[in-house]
Chemist: 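Okay, handing you the structure first.
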Amino acid sequence: MTTVPAVEAGRPLPVDFYARPVVDVARDLVGCLLVHGGTAGRIVETEAYHESEPASHAFGTPPRPTSRTRTLFGPPGRAYVYRSYGIHACVNAVCEADGIGAGVLLRAVEPLVGLDAIRARRPGRPDVELASGPGRLTLALGIGLDDDGADLVAGPLRIVAPGHGDPVPRVVTGTRVGITKATDLPWRFVDATSAHVSRPWPPAMRAAR
DNA sequence: CATGGGATTGACT
DNA sequence: GTCAATCCCATGC
């Protein structure tokens, strides 16, 4: 595991945390807490995307920001929120240096705080499906396109380091899902101890159960 | 300028 | 298992 600069238990992750290679950040975000409004959940699944590979929204020759991806090329530690399939909102943590298009897609959280509000936003869903997918996650925590560009370090939408007593995730690696290009890169990270992840499970997780 | 395709989900056969 | 919903942008004529 990469040495993570200046992370304090229970405190928001600092900008330096995000200003690192995006794959390292994706792995290290598993187990951290995503907070929005009165609700929060433990991050149990992430994927890394980088402008150098064709599955990224930032991929291009040369890579350039569009109206959609402007935030993705901006400074690290912000939220990049985009519309998926014209319907859903999905949220990334912007990584690496300002000017580089790189982000970690947050694919699933285990709801911990504000369960009543979360269940009200996801009527009829069993608890393990409340936020077990990138579109479900934003619905559950009330994250929308208006949160694009939000400061994850100091804003109302933020990511917090685990506390001393919080469970330590068992991170397993797999290939990213829902894409058709660069499908071989092992850039998906899942907490194998959690039931709140999206499918398909990585082989290492199936083997452990 | 017209068309096609997603970093998805949920309803339905 | 199949399929529609629906926005932004890339591609191609």
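We use all heavy atoms of the structure for the numbers below, so side chains are in, but hydrogens, waters and symmetry mates are not.
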Chemist: Give a yes or no on whether a salt bridge exists between Arg158(A) and Asp151(A), defined as a side-chain N under 4.0 angstrom from a carboxylate O.
Modeler: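 Result for this pair is no, no salt bridge flagged.
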Chemist: Give me the one residue out of Arg170(A), Arg42(A), Arg107(A) that meets salt bridge (Lys or Arg N to Asp or Glu O under 4.0 Å) with Asp191(A).
Modeler: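 With Asp191(A) as partner, Arg170(A), Arg42(A), Arg107(A) yield a single salt bridge (Lys or Arg N to Asp or Glu O under 4.0 Å), made by Arg42(A).
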Chemist: Using a 4.0 Å heavy-atom cut-off, write out nucleotides 3-13 of chain B from 5' to 3' as B (base contacted by protein), S (sugar-phosphate only) or - (no contact).
Modeler: ---BBBSSS--
Chemist: Now, which nucleotide makes the Watson-Crick or G-U wobble pair with dT6(C), with each of the two distances under 3.5 Å?
Modeler: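 Paired with dT6(C), as far as the under-3.5 Å criterion goes, is no nucleotide at all.
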Chemist: Cationic tip of Arg20(A) within the cone over Tyr18(A)'s six-membered ring, i.e. under 6.0 Å and within 45° of the normal?
Modeler: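 Judged by the rule (NZ or CZ under 6.0 Å from the ring centre, within 45° of its axis), Arg20(A) is not positioned above Tyr18(A).
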Chemist: Evaluate salt bridge (charged side-chain N to carboxylate O under 4.0 Å, His left out) for Arg78(A) paired with Asp148(A), printing each intermediate quantity in order.
Modeler: CA-CA 8 Å; Arg78(A) 311 276 257 271; Asp148(A) 184 50; over 6 Å; no
Chemist: Take atom C1' in dA7(B) and the same atom in dG1(C), then report the distance between them in whole Å.
Modeler: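 Here dA7(B) and dG1(C) have their C1' atoms 23 Å from each other.
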Chemist: What integer number of Å spans the P atoms of dC12(B) and dT6(C)?
Modeler: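 That atom pair is separated by 15 Å.
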Chemist: Any side-chain heavy atom of Val190(A) within less than 4.5 Å of one from Val44(A)?
Modeler: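 Heavy-atom side-chain distance check fails, nothing below 4.5 Å.
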Chemist: Quick one: label Ser67(A) by what it contacts on the DNA or RNA (base, sugar-phosphate, nothing), any heavy atom closer than 4.0 Å.
Modeler: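 It contacts sugar-phosphate atoms only.
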Chemist: To the nearest Å, give me how far apart CG (Asp148(A)) and P (dC7(C)) are.
Modeler: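 So the CG-P distance, Asp148(A) to dC7(C), works out to 17 Å.
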Chemist: Identify the nucleotide, in any strand shown, that forms a Watson-Crick or G-U wobble pair with dA7(B), with both distances under 3.5 Å; if there is none, say none.
Modeler: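 Its partner is none (no Watson-Crick or G-U wobble pair with both distances under 3.5 Å).
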Chemist: Is the NZ or CZ atom of Arg176(A) both under 6.0 Å from the centre of the six-membered ring of Tyr49(A) and within 45° of that ring's axis?
Modeler: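 Relative to the ring axis of Tyr49(A), which defines the angle, Arg176(A) lies inside both limits.
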